[in-house]
Amino acid sequence: MVPPATGEPATSAPAVASRNERFRKADRLLKRSEFLRVQRRGRRFTTPHLVVLSIESLTGRTRVGITASKKIGNAPTRNRVKRRFREIFRQNKAAWPEATDIVIIARSASVAAAYNTLQDDLLAWAERAKRGTSK
RNA sequence: CGGGAUGGGUGCGUGACCGUGGUGGUCGGCAUGUCCGAUCAGCGAGGAAAGUCCGGGCUCCGCAUGGCAGGAUGGUCGUUAACUGCGACCGGGGGUAACCCCAGGGAAAGUGCCACAGAAAGUAUACUGCCGUCCGGCACGAGAGUGUGGCGGUGAGGGUGAAAUGGUGAGGUAAGAGCUCACCGGCCGGCUGGUGACAGUCGGCGCAUGGCAAACCCCAUCUGGAGCAAGACCGUAUAGAGGAUUCCUUCGGGAGCGUGUCGCCUGCACGCAGUUCCUCGGGUAGGUCGCACGAGGCUGUCGGCAACGGCAGUCCCAGAAGAAUGGUCACGACUCGUCGAUGGCGAGAUACAGAACCCGGCUUACAGCCCAUCCCGACAC
RNA sequence: GUGGGUGUAGCUCAGCUGGUUAGAGUGCCGGUUUGUGGUACCGGAAGUCGGGGGUUCAAGUCCCCUCACCCACC
């Protein structure tokens with residue numbers, strides 16, 4: 001993994017720009033301890049469909065983790081919700097704030113919600129988060 | 001054509017773009033690694049992957065021996081690695097039928113229970129009764145006799161109940177009764193057929209033995225315990241406290257103590273002055289293997305009624321770990337709604353549901369579609 | 001993965017070793033008391049015993065299957 005200090009903006013920026021719809025393991029939160037860090041100290045944003053928690057990343061990358069608990073449905077339902085959130089994250093990478101760990105917690109209303117509704121909710125959060133960090 | 005029974009199959013398709021998890025190859029990077037990146041090839045959820053109700057493989061517990069306890073199963077024969085599965089058959093029950101259902105051993109080994117009702121609920125009894133050629137009973141009566149009591153015979157009728165001492169009919173008798181007879185049922189024994197459950201038949205017994213073992217129990221058979229968080233290795237981390245260490249010896253061993261995989265005993269193994277063993281406590285960060293060729297799938301053929309098995313050919317078919325199959329679009333099926341209806345428009349995670357060590361079953365959930373065989377009824381020929 | 005528990009009036013719970021009325025509290029409805037309401041008193045209704053099948057003369061209770069929910073441990 002590339003250390004945060006040696007970001008190499010001149011050489012790697014065009015490559016990243018052409019590949020900005022990728023979503024690999026480096027873009028995800030993988031450990032329970034990472035989830036707990038965000039959930040304990042992060043800032044909270046709530047809509048009827050979801051809860052977003054975010055905190056400044058330690059790795060210099062923007063990473064996301066999605067929680068879909070047993071409360072919202074059975075295994076295929078939870079898988080589908082997680083895949084849709086992942087797809088939204090992947091296709092709108094430019095919108096997210098930089099170097100932030102994000103946890104998205106799905107609420108039960110998100111099961112029946114349309115794809116675009118969920119996308120609008122997340123973009124609204126991203127708008128607010130970017131303004132907050134720029135000020 | 002209508003209604004029904006049984007068994008089986010399918011579980012959206014094609015294409016484009018953007019992504020994703022393993023596997024293999026090639027190339028590149030530097031922090032030379034089980035690393036990161038690029039690229040190519042190929043693979044990537046189910047019939048139930050589910051529930052976890054059974055059974056096995058596999059792994060560990062030193063071995064998995066014997067017994068008790070506990071648990072499971074329960075017609076017969078087969079099938080299988082094994083089973084509470086499956087197949088065929090037997091017996092019983094239901095249905096007009098196809099077909100479906102049944103934990104379906106033992107009640108003369110013992111214990112227990114059978115409420116209410118009823119005389120009596122199990123080894124005997126006699127409530128209401130019936131009968132008497134007996135007591136020359138007692139009362140009434142002129143008497144015949146009637147009533148009543150005792151004694152004896154009987155166990156048929158009535159009523160109760162889920163169940164009442166085999167059932168129906170005839171004979172018989174004082175009244176009756178398997179007391180006798182016929183038929184049906186039952187029990188015992190023989191013979192025949194069948195591997196067997198059992199069936200058929202002959203003879204005997206007038207019948208001795210009510211039901212409940214999904215009540216305890218008895219009999220037969222099976223059964224050691226835990227589970228891939230099994231288990232092995234690498235790494236990380238920490239704080240200690242308490243206890244045990246004995247005898248005999250012919251040096252082969254024996255006794256004793258401690259420890260051990262759910263309960264116990266037996267048996268077995270290890271340790272018994274080594275910087276050893278045991279118990280309690282404290283503590284850490286995760287990774288690699290196990291882990292994808294298997295009781296494997298498909299096709300053909302042979303044996304078998306079948307479950308299933310043998311042989312030959314062919315194929316390689318998910319391996320994640322906050323956990324991979326998704327998103328968008330086009331065309332076409334399909335379903336639903338609606339309308340100006342051989343069509344148009346709109347809606348649709350298309351149903352149920354997501355591998356987590358692996359198999360064999362069972363059970364449950366399921367939009368819609370398809371196939372086969374059979375039964376009943378109506379009509380026509 | 002393993003083990004255990006619960007399901008009975010609207011709600012919270014009883015219901016024993018099967019036995020003939022499935023009860024209690026609370027809530028609900030009606031009446032009495034009060035000027036009215038509450039309280040108090042009297043009366044009443046209300047249960048597929050989670051679902052299906054079986055054993056039994058008889059099942060909330062025994063057996064099997066199944067559904068939903070909850071808990072514990074590794």
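Naming: A, B, ... by sequence-line order, numbering from 1 per chain.
R28(A) places its CZ atom 9 Å from the C1' atom of G322(B), with the value rounded to the nearest Å. One can place CZ of F23(A) at 14 Å from P of G19(B), the figure rounded to the nearest angstrom. The CZ atom of R37(A) sits 16 Å away from the C1' atom of G322(B) (whole-angstrom rounding). In this structure, K71(A) places its NZ atom 15 Å from P of C69(C), rounding to the nearest Å. Here G326(B) presents its C1' atom at 10 Å from CD of Q91(A), a figure rounded to the nearest Å. Protein atom CG of L53(A) is 15 Å distant from nucleotide atom C1' of G322(B), rounded to whole Å. To the nearest angstrom, P of A323(B) lies 11 Å from CD of E34(A). Rounding to whole angstrom units, OH of residue Y115(A) and C1' of C329(B) are separated by 13 Å.
Contact annotation for R84(A): no contact, since no heavy-atom pair falls under 4.0 Å across all strands. The residue F35(A) sits close to a base: some heavy atom pair falls under 4.0 Å. Note on I88(A): nothing from the nucleic acid sits closer than 4.0 angstrom, heavy atoms only. At the heavy-atom level, R78(A) lies nowhere under 4.0 Å from the strands shown.
C11(C) and C28(C) are spaced 12 Å apart, taking the C1' atom of each and rounding to whole Å. Nucleotides C376(B) and U96(B), compared at atom C1', are 8 Å apart to the nearest Å. For the P atom pair drawn from A367(B) and G54(C), the interatomic distance equals 27 Å after rounding to whole Å. Here the separation of C334(B) from G13(B), taken at their P atoms, is 16 Å to the nearest Å. Between A59(C) and G19(C), the distance separating the two P atoms is 12 Å to the nearest Å. Using C1' as the reference atom, C291(B) and C233(B) are 16 Å apart when rounded to the nearest Å. When the P atom is used for both A126(B) and U154(B), the distance is 14 Å, rounded to whole Å. Comparing the same atom, C1', in G18(C) and in U26(C) gives a spacing of 31 Å after rounding to whole Å.
Taking syn as a glycosidic angle within 90° of 0, G22(B) qualifies as syn. An anti orientation is assigned to A170(B), its glycosidic angle lying beyond 90° of 0. Taking the O4'-C1'-N9-C4 or O4'-C1'-N1-C2 dihedral as appropriate, A72(B) has a value more than 90° from 0 and is therefore anti. A syn orientation is assigned to G252(B), its glycosidic angle lying within 90° of 0.
Checking side-chain atoms of R83(A) against main-chain N and O of R78(A) turns up no donor-acceptor pair under 3.5 Å. In this structure, the side chain of T77(A) does not engage the main chain of A75(A) through any donor-acceptor pair within 3.5 Å. When atom types are taken as modelled, the side chain of W125(A) and the backbone of D121(A) share no donor-acceptor pair closer than 3.5 angstrom. Between the T62(A) side chain and the A99(A) main chain, a donor and an acceptor come within less than 3.5 Å of each other. No donor-acceptor pair closer than 3.5 Å links the side chain of Q91(A) to the backbone N or O of I88(A).
The phosphate of A349(B) (OP1 or OP2) has no side-chain N or O of K82(A) nearer than 4.0 angstrom. Here R24(A) reaches the OP1 or OP2 of G21(B): one of its side-chain N or O atoms lies under 4.0 Å away. Between R83(A) and A323(B), a side-chain N or O to OP1/OP2 separation shorter than 4.0 Å is absent.
Checking A75(A) against L36(A), the closest nucleotide of RNA chain B that is more toward the 5' end is the one next to L36(A). In this structure, T77(A) and T67(A) both approach RNA chain B, and ranking their closest nucleotides by distance from the 5' end singles out T67(A).
Base pairing of G377(B): its partner is C1(B), meeting the Watson-Crick or G-U wobble criterion (both donor-acceptor distances under 3.5 Å). Look at C205(B): its Watson-Crick or wobble partner, with both distances under 3.5 angstrom, is G186(B). Applying the Watson-Crick and G-U wobble criteria (two distances, each under 3.5 Å), A16(B) pairs with U328(B). Under the Watson-Crick and G-U wobble criteria, each requiring two contacts below 3.5 Å, nucleotide G21(B) is paired to C43(B). Using Watson-Crick or G-U wobble geometry with both donor-acceptor distances under 3.5 Å, A68(C) finds its partner in U6(C). For G7(B), the paired nucleotide is C371(B), the pair qualifying as Watson-Crick or G-U wobble because both relevant distances are below 3.5 Å. Across all strands shown, C89(B) forms a Watson-Crick or G-U wobble pair with G75(B), both key distances being under 3.5 Å. Look at U363(B): its Watson-Crick or wobble partner, with both distances under 3.5 angstrom, is A50(B).
Side chain of K25(A), nearest nucleotide from C18(B), G354(B), A321(B): A321(B). Each of A349(B), A353(B), C18(B) was ranked by its minimum atom distance to the side chain of P76(A); first place goes to A353(B).
K93(A) and D27(A) are joined by a salt bridge, as a carboxylate oxygen and a charged side-chain nitrogen come within less than 4.0 angstrom of each other. Using a cutoff of 4.0 Å between basic side-chain nitrogens and carboxylate oxygens, D101(A) and R63(A) are scored as salt-bridged. Salt-bridge check for E87(A) with R90(A): passed, with a basic side-chain N closer than 4.0 Å to an acidic carboxylate O.
One can find a donor-acceptor pair under 3.5 Å joining the base of G322(B) and the side-chain atoms of R32(A).
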